[in-house]
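Count residues from 1 along the sequence.
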Amino acid sequence: MNKVELGKTGVFVSQASLGCMLMGSVIDRKDSFTALDRFVEIGGDFLDTANCYAWWIGKGEFIGDESETILGQWMKARGNRNRVFLATKVGARLRNPRAIRDGDGNVFWDRVEADREFLAPQVIRRGVEDSLRRLQTDYIDLYYAHIDDRVTPLEETLSTFDALINEGKVRYIGCSNFRTWRLERANQISKTYSGAGFVAIQQQYSYLHPKAGADFGVSVNVDDELLDYLKSNEEVTLLPYSPLLKGIYDDEKKREAYYNWHLFNNDDARARLKVLSGMAKELNISNNQLVLAWLFHHQPRTIPILGFSSLDQLDHNLKALDVSLSEEQMSILNKTSA
Ligand SMILES: NC(=O)c1ccc[n+]([C@@H]2O[C@H](COP(=O)([O-])OP(=O)(O)OC[C@H]3O[C@@H](n4cnc5c(N)ncnc54)[C@H](OP(=O)(O)O)[C@@H]3O)[C@@H](O)[C@H]2O)c1
């Protein structure tokens with residue numbers, strides 16, 4: 001797997017990041033270890049988790065510690081902590097994940113946003129110690145603000161992150177689900193006191209465009225503003241999450257069942273799906289693989305975070321690394337619209 005620079009840090013990481021969100025919940029310990037082993041065997045080193053993965057799975061068995069815990073166990077078993085580039089996140093964890101369900105284990109989704117921890121200094125301070133303990137390490141390579149917090153002043157969040165860097169607990173910081181103006185404001189604030197700025201932004205991004213005004217709640221989809229910003233700000237790298245929109249590209253039934261499909265389903269999506277399917281057929285690959293290959297060839301460059309719920313899916317998705325797209329093919333994919 002090729003290595004690419006993260007922002008302008010001088011640090012090179014694998015061109016794909018492994019999405020570890022479902023490890024320890026949907027994906028059991030054995031398959032999680034196998035997935036991690038396979039990823040590093042082919043040269044991957046960039047792992048993505050968070051301090052809340054994945055509390056929402058199941059009927060109350062999980063609280064959000066599970067993915068970090070599995071990663072900590074795997075790194076300890078393999079003795080490879082300093083050979084992986086470990087990213088985790090703070091801010092989206094629930095204050096009380098056990099109280100967010102009814103007696104049958106169903107989530108009260110209307111209460112979730114009010115229960116999030118967000119980015120106050122004491123949350124970050126406690127969050128980093130808990131993550132370090134679960135991950136069985138004394139440093140995090142990339143620490144993200146998981147969702148934007150419009151109440152805590154950015155100065156307080158940033159100075160706390162900066163202190164963690166100075167203490168050696170964190171190497172770099174990133175943000176996720178931030179609007180472009182908030183990323184820019186944060187990095188300007190950091191500059192004024194010569195503190196660390198965000199070197200990565202993690203947003204939802206895939207081949208289909210959401211409808212104008214689509215509301216994803218706390219999640220933020222990449223938009224033209226961010227792409228334009230990144231062209232002129234190479235110190236920040238884009239990490240697309242949910243690159244396959246939960247795996248909808250080859251399966252119409254899955255598409256119809258996808259909880260956000262109504263936010264994409266229009267003539268533009270149909271036009272793009274048609275062109276995507278035609279090209280995937282010519283290349284003898286799946287639509288899902290072509291979407292990932294498109295992200296690997298994307299400008300401004302991106303490091304997609306590969307999601308999977310089984311080892312077969314992971315193997316299938318990793319094959320996208322071998323797909324070569326010409327400038328003409330990229331141009332056809334990019335220019336397609338209704
Ligand atoms: N920063 C954030 O707010 C945020 C949010 C979400 C995720 N993330 C990160 O991004 C990573 C990836 O996100 P994601 O899981 O949402 O990614 P995704 O690529 O959109 O979805 C992954 C899901 O798609 C299905 N899938 C994957 N490969 C497939 C294939 N080849 N064929 C058919 N179906 C396939 C599986 O679901 P089924 O089980 O239904 O088959 C799998 O769980 C996560 O692990 C996490 O690290 C970050």
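Nearest heavy atoms, Val90 versus Gly127: CG2-CA, 4.3 Å. For the pair Ser286 and His316, the tightest heavy-atom approach, listed with the atom from each and the gap, is OG-NE2, 2.7 Å. Scanning all heavy atoms of the two residues, the minimum distance from Ser206 to Ser242 falls at CB-O, 4.1 Å. Across all their heavy atoms, Met1 and Phe39 have their closest contact at CE-CE1, 3.7 Å. Contact record, Ser32 with Gly24: OG-N, 3.8 Å, taken as the closest heavy-atom pair. Nearest heavy atoms, Leu314 versus Ala35: CD2-CB, 3.7 Å.
Hydrophobic clustering (ILVMFWY, side-chain heavy atoms < 4.5 Å, transitive): Tyr193 and Ile165 are in one cluster. Note on Phe296: it does not cluster hydrophobically with Leu6, by side-chain heavy-atom contacts below 4.5 Å among ILVMFWY residues. Leu239 and Leu226 fall into different hydrophobic clusters, defined by Ile, Leu, Val, Met, Phe, Trp and Tyr side-chain heavy atoms under 4.5 Å apart, directly or through other members. Residues Ile173 and Ile124 are members of one and the same hydrophobic cluster, defined by side-chain heavy-atom contacts under 4.5 angstrom among Ile, Leu, Val, Met, Phe, Trp and Tyr.
Under the 3.5 Å distance criterion, the side-chain polar atoms of Asn287 are left unmatched by any main-chain donor or acceptor of Ala280. Between the side chain of Asp48 and the backbone N or O of Ala87 there is no donor-acceptor pair closer than 3.5 Å. Under a 3.5 Å cut-off, the side chain of Arg301 and the backbone N or O of Gln15 do not form any donor-acceptor pair. Thr157 places a side-chain N or O within 3.5 Å of a backbone atom of Leu119 that can act as its donor or acceptor partner. Using modelled atom types, one side-chain atom of Ser67 and one backbone atom of Cys20 make a donor-acceptor pair closer than 3.5 Å. With hydrogens and angles disregarded, no donor-acceptor distance shorter than 3.5 Å links the side chain of Ser14 to the backbone of Gly44. The backbone N or O of Ser326 sits less than 3.5 Å from a side-chain atom of Gln329, completing a donor-acceptor pair.
Between Glu113 and Arg116, at least one side-chain nitrogen of the basic residue sits less than 4.0 Å from a carboxylate oxygen of the acidic one, meeting the salt-bridge criterion. Salt bridge status for Lys211 with Asp268: absent, with no side-chain N to carboxylate O gap under 4.0 Å.
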Step by step, would you call Trp74 with Asn80 a side chain to side chain donor-acceptor pair (under 3.5 Å)?
CA-CA 9 Å; Trp74 174 76; Asn80 65 358; over 6 Å; no
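One finds the CG atom of Leu86 at 9.0 Å from the CG atom of Leu142 (value rounded to the nearest 0.5 Å). Going from atom CG of Asn288 over to atom CG of Leu276 covers 8.5 Å, rounded to the nearest 0.5 Å. Here the straight-line distance linking atom CZ of Arg270 with atom OG1 of Thr336 works out to 15.0 Å at 0.5 Å rounding. Between the CG atom of Leu18 and the CD1 atom of Ile305 there is a distance of 10.0 Å, given to the nearest 0.5 Å. Here the straight-line distance linking atom CG of Leu325 with atom CE of Met279 works out to 7.0 Å at 0.5 Å rounding. Note that CE of Met75 is 10.5 Å distant from CD of Gln73, once rounded to the nearest 0.5 Å.
When the ring-ring contact (aromatic ring centres under 6.0 Å, His included) test is applied to Trp294, the partners found at least two apart in sequence or on another chain are Tyr205, Tyr207, His298. Applying the salt bridge (charged side-chain N to carboxylate O under 4.0 Å, His left out) rule to Arg255 yields no partners; only residues at least two apart in sequence or on another chain are considered. With sequence neighbours excluded, the residues that form a ring-ring contact (aromatic ring centres under 6.0 Å, His included) with Phe85 are Phe46. Applying the ring-ring contact (aromatic ring centres under 6.0 Å, His included) rule to Phe216 yields the partners Phe264; only residues at least two apart in sequence or on another chain are considered. Annotation: side chain to side chain donor-acceptor pair (under 3.5 Å) contacts of Asn177 (sequence neighbours excluded): Tyr241. With sequence neighbours excluded, no residue forms a side chain to side chain donor-acceptor pair (under 3.5 Å) with Asp115.
Surrounding CZ of Arg125 are more than 12 heavy atoms belonging to other residues, nucleotides or ligands, all under 6.0 Å away. Heavy-atom neighbours of Lys3 NZ from other residues, nucleotides or ligands within 6.0 Å: above the threshold of 12. Around atom CG of Asp110, more than 12 heavy atoms belonging to other residues, nucleotides or ligands sit under 6.0 Å away. By the 6.0 Å contact criterion, CZ on Arg185 is open, its count of non-hydrogen atoms from other residues, nucleotides or ligands being 12 or less. For Asn284, the CG atom is loosely surrounded, since the number of other residues' heavy atoms within 6.0 Å does not exceed 12. Surrounding CD of Gln122 are more than 12 heavy atoms belonging to other residues, nucleotides or ligands, all under 6.0 Å away.
Counting only residues at least two apart or in different chains, salt bridge (Lys or Arg N to Asp or Glu O under 4.0 Å) contacts with residues 326-338 are absent. Applying the salt bridge (Lys or Arg N to Asp or Glu O under 4.0 Å) test to pairs two or more places apart or on separate chains, none has a residue in residues 15-31. Here salt bridge (Lys or Arg N to Asp or Glu O under 4.0 Å) pairs that include residues 131-149, with residues two or more places apart or in two chains, are Asp65-Arg134, Glu68-Arg134, Arg81-Asp141, Asp130-Arg133, Asp141-Arg171, Asp148-Arg150, Asp148-Arg182. Every pair passing ring-ring contact (aromatic ring centres under 6.0 Å, His included) that includes a residue from residues 126-181 is listed here, sequence neighbours excluded: Tyr53-His146, Tyr143-Phe161, Phe178-Phe198. Judged as a ring-ring contact (aromatic ring centres under 6.0 Å, His included), the pairs with a partner in residues 96-124 (not counting sequence neighbours) are, in order, Trp55-Trp109.
Side chains of Gln299 and Met330 form no contact here, defined as non-hydrogen atoms less than 4.5 Å apart. For the pair Asn265/His262, no side-chain contact is recorded, criterion being any heavy-atom separation below 4.5 Å from C-beta on. The shortest distance between side-chain heavy atoms of Ile42 and Leu321 falls below 4.5 Å. Counting heavy atoms from C-beta outward, Leu290 and Ser277 have side chains that stay 4.5 Å or more apart.
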Distance-only check: which donor-acceptor pairs under 3.5 Å involve side-chain atoms of residues 227-237, not counting sequence neighbours?
| from | atom 1 | to | atom 2 | distance (Å) |
| --- | --- | --- | --- | --- |
| Tyr229 | OH | Glu184 | OE1 | 2.8 |
| Asn233 | ND2 | Tyr229 | O | 2.7 |
| Thr237 | OG1 | Gly7 | N | 2.6 |

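Checking Val112, Leu94, Asp102 one by one against Val107, the side chain to side chain contact (heavy atoms under 4.5 Å, CB included) holds for a single residue, Val112.
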